[in-house]
Amino acid sequence: MSVLQFASPPLPFYIHSGEDTYAPGQHHPNRRSIGVFDMLFVTRGTLYIAEEDRKWEVQSGNVLILRPDRHHYAASACTEETHFYWLHFQPAEPWEETAEPSLAAAARQSNPFIPERFSISLPRYCELSNGPDIYSRLRDLLALSRQSSASARWKEQLLFQHLLLELDNEHNPHHISSVHRIAEKAASYLRQNYRSAITYPALGEALHFHPTYISRCMKQVFGCTPLEYLVYYRLEQAKRMLMNTDMPIGRIAEEVGFENSSYFTRCFHRIERMTPRQFRKQFRF
């Protein structure tokens with residue numbers, strides 16, 4: 001299997017999309033080094049596509065990604081009515097084509113709220129396991145292209161990112177996506193309830209998984225346990241309040257879920273290498 005691997009962040013960005021229907025005898029255009037990635041999603045019939053010396057028969061339910069730096073053309077004309085969606089995108093960071101996706105884990109930051117580098121791996125050619133959902137997203141993208149607002153452009157990028165995630169999952173083992181899903185669900189629960197006292201039994205009951213398994217998933221995805229994640233998130237909320245309010249430090253500790261101000265100060269100093277009071281002084285002129 002050949003995959004395209006993209007360094008991130010920032011994520012690849014969406015440019016434009018459309019759809020076409022070819023009658024028997026019609027074929028894909030002959031183009032060379034167009035400068036953008038071209039994704040082809042066939043929903044009916046077959047496209048016969050070549051890129052340099054490689055050839056594909058892209059049948060209904062298949063997706064093919066053509067490289068921006070190669071010559072691609074029709075290997076032969078369509079033999080039946082063929083409908084497909086096309087989508088152009090471009091990465092903002094380096095990319096490469098490899099035989100298999102890299103399974104090496106990204107290096108973890110000590111603070112999970114500092115962005116870390118990771119890779120997105122997209123199959124160059126595969127059969128879609130969730131074609132109807134992907135086609136629905138593509139139709140939504142087409143509808144947004146007819147709008148001229150900044151909000152529509154923003155929504156286009158969000159839809160495209162969901163599409164990348166679904167394609168990335170096409171070649172990842174099921175248990176990997178399950179681990180990420182559980183870790184994200186746990187993180188969402190912690191962010192929504194950070195002001196409350198949270199225990200491992202309560203987290204397990206809320207997510208319907210054993211706390212040990214939840215902790216293992218979060219360690220794999222975020223590099224920290226659920227309670228470590230909770231402390232980091234509480235400190236992030238406290239930092240915003242220290243910068244933007246005159247609220248007493250003891251009150252801030254209480255507002256973000258710490259049991260007392262002494263424990264809050266110890267945690268803050270351990271992560272930020274300064275006290276909450278020193279942190280606040282940086283933003284007072």
Side-chain angles (χ1 to χ4, degrees), residues 7-11 103-120 158 161-162 165 168 172 175-285:
S8 188
L11 291 165
L103 298 180
R108 297 293 181 189
Q109 297 281 355
S110 59
N111 186 334
F113 297 99
I114 298 175
E116 64 187 29
R117 306 291 288 177
F118 61 95
S119 294
I120 298 171
L158 291 174
Q161 289 175 25
H162 281 293
L165 178 60
D168 183 75
N172 281 330
H175 76 275
I176 295 295
S177 60
S178 296
V179 165
H180 280 73
R181 186 167 57 251
I182 293 167
E184 291 289 354
K185 190 173 181 180
S188 176
Y189 175 85
L190 294 170
R191 292 193 299 268
Q192 292 174 22
N193 298 278
Y194 73 93
R195 292 188 176 91
S196 306
I198 296 176
T199 64
Y200 278 115
L203 182 63
E205 184 177 349
L207 270 62
H208 307 294
F209 286 98
H210 194 281
T212 301
Y213 181 60
I214 296 171
S215 184
R216 188 160 63 244
C217 292
M218 290 201 72
K219 285 284 286 185
Q220 182 171 334
V221 175
F222 294 105
C224 60
T225 68
L227 293 188
E228 288 170 342
Y229 184 98
L230 180 62
V231 168
Y232 284 126
Y233 190 77
R234 284 171 170 169
L235 291 177
E236 290 300 310
Q237 307 314 304
K239 283 159 60 177
R240 292 189 180 93
M241 297 176 75
L242 288 166
M243 288 187 291
N244 300 317
T245 76
D246 294 318
M247 191 179 295
I249 289 172
R251 176 71 185 283
I252 290 176
E254 180 183 342
E255 284 289 320
V256 299
F258 284 94
E259 56 190 30
N260 58 66
S261 59
S262 297
Y263 179 55
F264 166 61
T265 299
R266 289 199 303 274
C267 291
F268 197 99
H269 190 275
R270 175 169 56 84
I271 302 300
E272 301 296 332
R273 303 303 183 199
M274 65 180 73
T275 67
R277 194 177 305 279
Q278 290 169 332
F279 180 87
R280 173 175 266 173
K281 283 182 178 179
Q282 293 182 123
F283 302 93
R284 302 297 183 184
F285 301 99

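None of the values given here were measured: they were computed from a predicted structure.
Surrounding CD of Glu205 are at most 12 heavy atoms belonging to other residues, nucleotides or ligands under 6.0 Å away.
A donor-acceptor pair is defined here as one N or O able to donate and one able to accept, closer than 3.5 Å; such a pair exists between the side chain of Thr265 and the backbone of Ser261. Although no hydrogens or angles enter the test, the distance criterion places no donor-acceptor pair under 3.5 Å between the side chain of Arg216 and the main chain of Val179.
With contacts defined as side-chain heavy-atom distances shorter than 4.5 Å, the pair Ser188/Lys185 does not qualify. A heavy-atom distance below 4.5 Å is found between the side chains of Val231 and Arg270. Residues Val256 and Met241 meet the side-chain proximity criterion, which asks for heavy atoms closer than 4.5 Å. Annotation: side chain of Tyr200 is in contact with side chain of Leu227 (closest heavy-atom distance under 4.5 Å).
Rounding to the nearest 0.5 Å gives a distance of 9.0 Å between CD of Glu272 and CD of Gln282. Here the CE-CD1 distance, from Met218 to Ile214, works out to 9.5 Å after rounding to the nearest 0.5 Å. One distance of note links NE2 of His269 with CD of Gln278; it measures 6.5 Å at 0.5 Å rounding. Distance CD1/Ile271 to CD/Glu228: 8.5 Å, rounded to 0.5 Å. Cys267 contributes atom SG, which lies 10.0 Å from atom OH of Tyr232 (distance to the nearest 0.5 angstrom). Expressed to the nearest 0.5 Å, how far CD of Gln161 lies from CG of Asp168 amounts to 13.0 Å.
Residues that satisfy the side-chain contact (heavy atoms from CB on, under 4.5 Å) test with Ala7, not counting sequence neighbours, are Glu93, Arg117. Residues forming a side-chain contact (heavy atoms from CB on, under 4.5 Å) with Glu184 (at least two apart in sequence, or on another chain): Phe222.
Tested against Arg234, the residues Phe268, Phe258, Phe264 include a single side-chain contact (heavy atoms from CB on, under 4.5 Å) partner, Phe258.
Between Leu242 and Ile252, the closest heavy-atom pair is CD2-CD1, 3.7 Å. Closest non-hydrogen pair, Tyr189 versus Ala202, comes out as OH-O, 4.3 Å. Tyr263 and Asn260 make their closest contact through N-OD1, 2.7 Å (heavy atoms, listed as atom of the first residue, atom of the second, distance). The nearest pair of heavy atoms linking Leu11 to Ser8 is CD2-OG, 3.2 Å. Residues Pro226 and Leu203 share a closest heavy-atom pair of CB-CD2, 3.6 Å. Closest heavy-atom contact between Leu230 and Leu190: CD1-O, 4.0 Å.
The list of salt bridge (charged side-chain N to carboxylate O under 4.0 Å, His left out) pairs with a residue in residues 249-265, not counting sequence neighbours, reads Arg251-Glu255.
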Is there a side-chain contact (heavy atoms from CB on, under 4.5 Å) between Arg280 and Thr245 once you walk through the steps? CA-CA 10 Å; Arg280 173 175 266 173; Thr245 76; 3.9 Å; yes
Residue pair Thr225, Lys219: steps toward the side-chain contact (heavy atoms from CB on, under 4.5 Å) verdict: CA-CA 6 Å; Thr225 68; Lys219 285 284 286 185; 3.9 Å; yes
